[in-house]
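Take a look at the structure below.
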Amino acid sequence: MQGDEKVDAAVIEIRNLSTRFGDHVVHDGLDLQVRRAEIFALVGGSGSGKSTLLREMILLHRPDAGTIRVLGADVQSLDEQDALALRQRLGVMFQHGGLFGSLSVRENIGLPLREHTGLDDELIDEIAAWKLELTGLAPETGLQYPPELSGGMLKRASLARALALDPELLFLDEPTAGLDPTSAAGVDELVKKLRDLFGLTIVIISHDLDLLWQVVDRVAVLGEGKVQGVGSMSELAQMDHPLIRQYFDGPRGRAAQPQQAGEKTWNQR
Ligand code: ADP
Ligand code: MG
């Protein structure tokens with residue numbers, strides 16, 4: 001793929017992946033590599049298999065063929081105990097937050113710690129408080145319940161929970177969907193901060209062109225069961241592939257692109 005067979009420190013390596021639901025082929029010989037400490041995005045039309053791919057990378061769905069290596073482990077060959085141990089190194093923020101409405105935000109964040117560590121309640125509350133602060137939420141928010149929060153706060157709270165166990169790899173499904181521009185920009189900053197502070201590797205499913213242009217290092221375009229192209233947004237913008245062109249030549253695609261070719265862009269930081 002792209003001539004970079006031996007990418008340095010791939011934390012996710014997918015080879016010849018095939019996924020079917022009955023007769024419906026979703027992935028058909030898909031290859032993908034995600035490098036350590038990069039912010040990587042999956043894009044593609046509705047039904048192109050992004051969410052399924054994410055579920056396979058976090059061990060929630062077993063592909064029909066091919067290999068998926070995550071943090072060095074071949075996920076299909078893991079026994080239940082090793083799979084559980086690996087899953088604890090992955091943080092996931094699902095599209096709709098997935099917080100329990102009947103638990104306070106603090107209890108939601110503490111839940112993975114209660115399930116997987118022997119820490120006492122006091123320490124769990126302290127860790128939850130630190131995760132709240134890290135994601136830019138006020139301490140009082142910990143005492144609120146998810147239905148009381150705004151969209152932006154909910155995203156931050158579910159991110160705080162995804163970070164509870166200090167994951168090495170973080171998966172975000174549509175982290176800015178449905179947010180107003182200010183809240184979305186706040187999430188953009190937060191994603192960058194997490195990578196820069198902790199060297200987290202972050203995989204994002206998103207259609208948000210501001211996020212893609214300003215935050216993401218590399219993007220894979222899914223279509224027809226495969227990765228049709230992978231590269232920085234500026235690299236993809238130069239590609240001729242019809243499925244990729246669809247992405248950039250629509251009005252929304254154009255609007256989000258930097259104005260001038262020579263202008264300093266996000267990937268020249
Ligand atoms: P995307 O996230 O790119 O929109 P998905 O990965 O959710 O796409 O789905 C890819 C295709 O697989 C869709 O056609 C969807 O209907 C189908 N699909 C996903 N999950 C299942 C399932 N559990 N059973 C049957 N079909 C599924
Ligand atoms: Mg999806």
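Note that ligands are numbered from 1 as they come in the structure, with each ligand's atoms numbered from 1 the same way. Everything numeric in this text was worked out from a predicted model, so none of it was measured.
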*Heavy-atom contacts under 4.0 Å between Val26 and ligand 1: side chain, backbone, both, or neither?*
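For Val26, the contact with ligand 1 is made by the side chain alone.
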*Does some non-hydrogen atom of Gly44 fall short of 4.0 Å from ligand 1?*
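Contact check Gly44 vs ligand 1: negative.
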*Going by heavy atoms, is Gly45 under 4.0 Å from ligand 1?*
yes
Give the residue, atom name and distance (to 0.1 Å) of the protein heavy atom nearest [atom].
atom: atom 4 (O) of ligand 1; answer: Gly47 N, 2.7 Å
atom: atom 6 (O) of ligand 1; answer: Thr52 OG1, 2.6 Å
atom: atom 7 (O) of ligand 1; answer: Ser51 CB, 3.7 Å

*Is any side-chain heavy atom of Pro112 less than 4.5 Å from a side-chain heavy atom of Arg161?*
yes
*For residues Arg156 and Leu149, determine if any side-chain heavy atom of one lies less than 4.5 Å from a side-chain heavy atom of the other.*
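No, side chains not in contact.
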Indicate yes or no: does [X] engage [Y] in a salt bridge with an N to O separation below 4.0 Å.
X: Asp166; Y: Lys131; result: yes
X: Asp31; Y: Lys226; result: no
X: Arg36; Y: Glu38; result: no
X: Arg114; Y: Asp121; result: yes
X: Arg106; Y: Asp125; result: yes

*asked:* Please list, in number order, the atoms of ligand 1 under 4.0 Å from a heavy atom of Ser46.
replied: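 Result: 4 (O).
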*Which atoms from ligand 1 have a heavy atom of Gly49 less than 4.0 Å away?*
1 (P), 3 (O), 5 (P), 6 (O), 8 (O), 10 (C)
*When Leu53 is tested against each of Leu30, Ile58, Val203, Ile205 for side-chain contact (heavy atoms from CB on, under 4.5 Å), which residue passes?*
Leu30
*Given His24, His61, Glu174, which one has a non-hydrogen atom that is nearest to atom 13 (C) of ligand 1?*
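That would be His24.
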*Between Phe21 and ligand 1, does any nitrogen or oxygen pair lie at a separation below 3.5 Å?*
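By distance alone, the answer is no.
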*Any non-hydrogen protein atom less than 4.0 Å away from atom 16 (O) of ligand 1*: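 No, because not a single protein heavy atom sits under 4.0 Å from atom 16 (O) of ligand 1.
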_Per-atom contact, atom 21 (C) of ligand 1, protein heavy atoms, under 4.0 angstrom_ = yes
_Side chains of Glu56 and Thr19: any donor to acceptor distance under 3.5 Å?_
yes
*Just wondering, is there an N, O or S atom on Ser46 that's nearer than 2.8 Å to the Mg ion (ligand 2)?*
no
